[in-house]
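The structure appears right after this line, and notes come after that.
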Amino acid sequence: MGWLEPLSASAPVLVAGAGVTGRAVLAALRALPVRTTVCDGDPAALSACADAGIAAVSTAEATRTIGDYRLVVTSPGFAPTAPVLAAAAGAGVPIWGDVELAWRLDRAAVYGPPRRWLVVTGTNGKTTTTAMLAAMLTAAGLPAVACGNIGAPVLDVLDGPAEVLAVEASSFQLHWAPSLQPDAGVVLNIAEDHLDWHGGMTAYAAAKAQALTGRVAVAGLDDPGAAALLAAAPAATRVGFRLGAPEAGELGVQDGWLVDRAFAGAADLAPTEAIPVPGPVGVLDALAAAALARAVAVPAAAVERALRGFAAAPHRGAVLTVAAGVRYVDDSKATNPHAAEAAIAAYPRVVWVAGGLLKGAAVEATVARVASRLVGAVLIGRDRAEIAEALSRHAPDVRVIEVVTGEDAGVRETGEPSVTTETRWVGSGEGSLGARVMTTVVAAARELARPGDTVLLAPAGASFDQFGGYAERGEAFGAAVHAATR
């Protein structure tokens with residue numbers, strides 16, 4: 001394969017998107033003799049490009065003139081149905097994502113000998129697993145870096161000293177990376193998410209499966225979707241991991257230890273008590289990271305050292321405080337029902353703080369499975385009624401409080417609270433809407449919680465109806481918790 005075939009001298013290349021990814025693409029393309037043009041729908045972004053001396057056009061203009069380009073390099077936010085990409089596909093213009101461009105530049109040895117790529121994907125747990133993997137590689141003395149959706153874009157680290165890349169890759173990025181064949185890759189799990197972007201579960205799963213096309217394919221056997229992708233993977237070596245005792249060719253848990261029976265006869269890697277992320281999800285993430293690390297010969301001792309020194313990123317199951325016997329946990333990154341279910345599974349008695357934008361994902365089955373652990377629920381956001389209705393069917397004895405904003409808070413509600421729930425209205429006092437919402441949430445949760453309970457922010461939805469992102473939502477929750485419990 002000619003890795004850089006469309007990038008010949010003076011080739012016109014369109015960069016779709018002028019954000020973080022677009023800037024990384026532009027910087028990488030400067031090393032090549034091509035002519036770049038950026039397109040974006042934001043006039044301010046186009047103006048900034050012009051000020052920097054970068055040729056820029058609107059996405060509408062790029063769509064009309066798509067035949068003028070030999071290649072489109074797209075940011076992951078552009079779906080296949082975006083007019084400019086649909087026009088490119090129709091005109092036979094190749095479309096690469098930033099990961100595809102990075103892979104091709106690396107294979108072409110533009111930055112020296114090609115790196116070893118270890119790719120992490122899945123609906124949930126990607127960032128924690130990638131960070132654990134990078135820690136294991138570093139503990140083994142390998143020059144490694146975490147990149148992709150964690151840290152810097154892959155394009156930004158190719159000219160650095162890292163020889164092994166721990167790459168967190170989204171389904172968007174993998175969709176636009178058809179040539180990627182990593183040294184080893186893992187699919188952690190598959191659940192409904194981003195279906196509006198992909199058009200359905202089949203396309204979503206197919207994008208994730210791109211991580212399993214290299215030398216070693218790894219997947220979670222306890223997850224039916226991931227296990228099915230592993231069974232169909234073309235990789236020469238296929239490795240599964242599970243919470244139970246591992247069979248030959250697997251990693252798993254036996255007698256309180258993570259055990260490798262894939263890259264060794266039966267090697268004890270680390271005790272489960274060394275994993276700082278609570279619940280089964282922490283064990284699964286550690287197993288996945290260990291599988292990729294073992295695929296590049298990381299010794300067991302380095303796996304254990306990395307786990308004992310590991311600290312999860314913020315808003316991913318962080319215990320904020322314990323007050324009056326009640327634990328308060330911030331898992332704001334649980335932005336879909338699958339992630340929320342995994343978070344709840346870590347605790348026996350939960351006051352669940354949930355709601356936001358469900359993005360078309362169904363919550364019914366999740367509520368049915370976690371109902372026995374719930375002692376209360378506080379619901380927020382636009383799609384809270386769907387969660388309330390599921391709770392009324394599967395957990396009718398659980399007390400539910402809806403936190404509702406009125407017109408005085410500047411938010412138009414989609415419907416009145418359910419007659420089967422209680423209501424707490426958010427007033428128009430000082431502070432942002434999000435801060436006032438979370439102050440009301442924490443007050444309601446304290447009503448429901450008893451000593452031994454866990455108040456868990458695991459929303460099962462995106463945050464953009466009331467917050468600037470999951471981090472802002474988690475920070476508002478944490479501030480409200482500390483204000484109420486100090």
Side-chain angles (χ1 to χ4, degrees), residues 3 19-31 75-76 97-122 125-170 172-174 177 179-188 210-211 214-216 218 276-277 285-286 288-299 301-314 316 333:
W3 290 111
V20 173
T21 299
R23 291 193 294 272
V25 169
L26 287 167
L29 290 176
R30 288 192 194 107
S75 298
D98 64 305
V99 170
E100 176 77 2
L101 176 62
W103 173 255
R104 286 172 174 264
L105 291 172
D106 189 48
R107 295 303 97 177
V110 171
Y111 299 98
R115 281 74 176 156
R116 286 184 287 178
W117 288 51
L118 305 177
V119 173
V120 178
T121 195
K126 295 185 293 295
T127 297
T128 299
T129 301
T130 306
M132 284 180 173
L133 170 61
M136 293 173 188
L137 297 169
T138 301
L142 295 172
V145 65
C147 55
N149 277 357
I150 177 175
V154 186
L155 286 166
D156 285 351
V157 305
L158 290 179
D159 61 351
E163 297 173 7
V164 185
L165 307 182
V167 181
E168 178 187 333
S170 71
F172 306 159
Q173 292 169 313
L174 291 170
S179 299
L180 176 66
Q181 292 185 334
D183 202 56
V186 63
V187 175
L188 302 171
Q210 189 64 38
R215 179 178 64 86
V216 179
V218 180
V277 180
D285 290 350
L292 294 187
R294 297 286 283 171
V296 291
V298 167
V303 171
E304 181 172 355
R305 283 198 306 274
L307 290 176
R308 289 194 180 279
F310 184 75
R316 293 168 171 83
K333 189 61 173 66

*Rounded to the nearest 0.5 Å, how far apart are CD1 of I150 and OG1 of T128?*
8.0 Å
*Return each pair, listed once, that meets side chain to side chain donor-acceptor pair (under 3.5 Å) where at least one residue sits in residues 153-169; pairs must be two or more places apart or across chains.*
T127-E168
*Criterion side-chain contact (heavy atoms from CB on, under 4.5 Å) against L174, the qualifying member of V187, L180, V99*: L180
*Using side-chain contact (heavy atoms from CB on, under 4.5 Å) as the criterion, point out the one residue from L158, L118, D183, V119 that pairs with L165.*
L158
Which atom pair, heavy atoms only, marks the closest approach of [X] to [Y]?
X    : Y    : answer
K126 : V120 : O-CG1, 3.8 Å
A293 : L133 : N-CD1, 3.7 Å
Q210 : A177 : CG-O, 3.4 Å
F310 : P276 : O-CG, 3.2 Å

Partners meeting side-chain contact (heavy atoms from CB on, under 4.5 Å) with [X] (sequence neighbours left out):
X    : value
S170 : N149, F172, Q173
A31  : none
A144 : L137, V164
P299 : A140, A302

Under the rule for side chain to side chain donor-acceptor pair (under 3.5 Å), what residues qualify as partners of [X], not counting sequence neighbours?
X    : value
R294 : D260
W117 : D106
E100 : R104, S179
T129 : D285

[X] versus [Y]: any side-chain heavy-atom pair under 4.5 Å?
X    : Y    : value
V157 : R115 : no
P153 : T21  : no
V154 : W103 : no
L105 : L155 : yes

*Report yes or no: does T121 contribute a side-chain atom to a donor-acceptor pair with the main-chain N or O of A169 at less than 3.5 Å?*
yes
*Just by modelled atom types, is the P314 backbone N or O under 3.5 Å from a matching donor or acceptor in the R316 side chain?*
yes
*Just jot down the salt bridge (charged side-chain N to carboxylate O under 4.0 Å, His left out) partners of R308, sequence neighbours excluded, or say none.*
E273, E304
